[in-house]
Amino acid sequence: MVVLVLQDEFAPLLLARGFVRTNKVFRRTPGDGMGMTVWLNPENRLKHVRTVNVDCWVDDEDQGWLYSLDQARAVSEIERRGAWASFDYTPDMPDWPAVIVDDFERVTLPFIDACTSPAALCDLLLEGRVPPSNMKRAPVGWFEDVWSIADRARLSGYGDTALERLGSLQLTRSDHDNVQWWAVQQGIDDLVLNAPLPSPRRWFGSRRQR
């Protein structure tokens with residue numbers, strides 16, 4: 001039985017784009033653009049692979065992290081408009097494991113080609129073309145990511161745009177409180193949010209006497 005090695009399938013596509021392969025990981029240094037690391041999550045055995053991640057960074061991989069694309073989420077949430085965090089690759093799915101390579105070529109490679117700089121990454125997020133990072137939910141996660149990327153990469157304009165977009169949302173009480181907590185953690189004191197949506201009323205009828 002021939003075992004598909006995903007890294008071997010990815011190699012010609014990534015090496016042609018300036019990546020260097022080190023064991024199971026592909027890296028491209030920033031140069032004048034965006035540093036990237038492509039890896040399988042988890043990396044150990046093919047049947048355990050849940051997704052392909054593309055980490056984006058500037059200056060230094062450890063200290064300059066900006067964003068991580070989750071291929072499975074991009075396929076599920078952006079391409080298929082599915083529910084949040086509803087999809088991982090599993091050995092029982094049709095065309096597994098070739099489907100991972102197919103999705104990589106169709107979804108992840110275009111992201112790598114489009115994400116040429118921190119500003120380009122912010123544009124992709126503002127346009128809703130990629131999912132938020134780190135299991136954040138859209139749309140709040142898009143704008144929180146943009147603010148964080150702009151802050152770390154020292155981009156002008158994008159941080160203000162992100163806060164304006166956050167301020168225009170109609171949020172539930174829970175999301176409203178979470179965004180306020182996030183703003184405090186980031187040291188943001190000029191975020192103005194709409195009043196939270198009213199909570200649904202719960203009606204309690206009187207119990208019938210027997």
Side-chain angles (χ1 to χ4, degrees), residues 6 10 13-14 16-19 25-42 49-59 61 64-89 99-166 168-169 171 175 178-179 182 186:
L6 293 176
F10 297 162
L13 302 168
L14 293 174
R17 288 167 167 81
F19 285 81
V25 178
F26 297 87
R27 288 184 178 85
R28 184 173 68 189
T29 55
D32 294 328
M34 178 76 76
M36 288 186 177
T37 305
V38 179
W39 55 287
L40 302 178
N41 184 6
V49 171
R50 298 189 303 272
T51 190
V52 179
N53 284 103
V54 181
D55 292 344
C56 301
W57 45 279
V58 291
D59 300 328
E61 184 175 5
W65 181 91
L66 299 177
Y67 171 84
S68 184
L69 177 80
D70 181 323
Q71 177 175 299
R73 283 191 71 189
V75 170
S76 175
E77 296 179 35
I78 304 301
E79 187 177 59
R80 301 179 184 172
R81 302 297 178 186
W84 172 75
S86 61
F87 177 78
D88 285 331
Y89 294 107
V99 64
I100 302 175
V101 179
D102 293 342
D103 288 348
F104 182 81
E105 294 179 356
R106 192 184 68 259
V107 175
T108 302
L109 276 183
F111 166 77
I112 290 172
D113 291 340
C115 189
T116 56
S117 66
L121 175 57
C122 287
D123 288 334
L124 292 171
L125 286 159
L126 290 172
E127 295 165 7
R129 294 170 57 189
V130 293
S133 64
N134 289 344
M135 301 306 289
K136 296 178 182 177
R137 293 177 184 260
V140 168
W142 285 326
F143 309 137
E144 290 182 351
D145 275 354
V146 169
W147 188 92
S148 297
I149 292 166
D151 182 58
R152 294 170 187 160
R154 300 176 293 279
L155 297 177
S156 62
Y158 283 98
D160 291 339
T161 298
L163 296 184
E164 290 173 5
R165 295 282 186 91
L166 280 171
S168 70
L169 297 176
L171 301 172
D175 287 341
N178 288 338
V179 171
W182 169 83
Q186 304 303 319

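Numbers here are sequence positions counted from 1.
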*Starting from the C-alpha separation in whole Å, work towards a yes-or-no answer on side-chain contact (heavy atoms from CB on, under 4.5 Å) for I112 and F26.*
CA-CA 12 Å; I112 290 172; F26 297 87; over 6 Å; no
*Least distance between heavy atoms, Y67 atom then S133 atom*: CD1-CB, 3.6 Å
*When rounded to the nearest 0.5 angstrom, what distance separates CG in D123 from OG in S117?*
7.5 Å
*asked:* Has W142 got a side-chain atom pairing as donor or acceptor with A162's backbone, closer than 3.5 angstrom?
replied: no
*Gap between atom CD of E144 and atom NZ of K136 - 0.5 Å precision*: 5.0 Å
*Rounded to the nearest 0.5 Å, what separation is found between the CG atom of D145 and the CG atom of L126?*
10.0 Å
_Considering all heavy atoms, the nearest L121-C56 contact_ = CD2-CB, 4.3 Å
*Is there side-chain contact between R137 and P132, with heavy atoms separated by less than 4.5 Å?*
no
*Output the distance between atom CZ (F19) and atom OG1 (T29), rounded to the nearest 0.5 Å.*
10.0 Å
*Would you name the heavy atoms of S68 and N53 that are closest together and state the gap between them?*
OG-ND2, 3.4 Å
*Could you go step by step and tell me if F143 and V179 meet the side-chain contact (heavy atoms from CB on, under 4.5 Å) rule?*
CA-CA 10 Å; F143 309 137; V179 171; over 6 Å; no
*CE on M36 to OG1 on T116, rounded to 0.5 Å*: 8.0 Å
*asked:* side-chain contact (heavy atoms from CB on, under 4.5 Å), that's the test. Do M34 and L66 meet it? Break it down for me.
replied: CA-CA 10 Å; M34 178 76 76; L66 299 177; 4.0 Å; yes
_Treating R73 as the side-chain partner and L69 as the backbone partner, does any N or O pair qualify as donor plus acceptor under 3.5 Å?_
no
_When you measure from the side chain of T51 to the backbone of Q71, do you find a donor-acceptor pair of N or O atoms at a distance under 3.5 Å?_
yes
*Would you say D70's side chain and A72's backbone share a donor-acceptor pair under 3.5 angstrom?*
yes
*Stepwise side-chain contact (heavy atoms from CB on, under 4.5 Å) test for L109 and R17*: CA-CA 10 Å; L109 276 183; R17 288 167 167 81; 3.9 Å; yes
*Is there side-chain contact between N178 and V140, with heavy atoms separated by less than 4.5 Å?*
no
*asked:* I want to check something: taking the side chain as every heavy atom from C-beta on, are I149 and L125 in contact at a cut-off of under 4.5 Å?
replied: yes
*Minimum side-chain heavy-atom gap Y89-V75 below 4.5 Å*: yes
*R152 side chain to W57 backbone, donor-acceptor under 3.5 Å*: no
*asked:* Do V54 and T37 make a side-chain contact, defined as non-hydrogen atoms from C-beta onward lying under 4.5 Å apart?
replied: no
*What closest approach, in Å, do V146 and C122 show between heavy atoms, and which atom pair accounts for it?*
CG2-O, 3.8 Å
*According to the interplanar angle, ranging from 0 to 90°, do the rings of F10 and F104 count as parallel (below 30°), tilted (30 to 60°) or perpendicular (above 60°)?*
parallel
*Exam field: side chain T161 to backbone G157, donor-acceptor pair closer than 3.5 Å*: yes
*Could you tell me whether the side chain of I78 reaches within less than 4.5 Å of the side chain of F111, counting heavy atoms only?*
no
*Spacing of CD belonging to Q186 relative to CG belonging to L163, to within rounding of 0.5 Å*: 10.5 Å
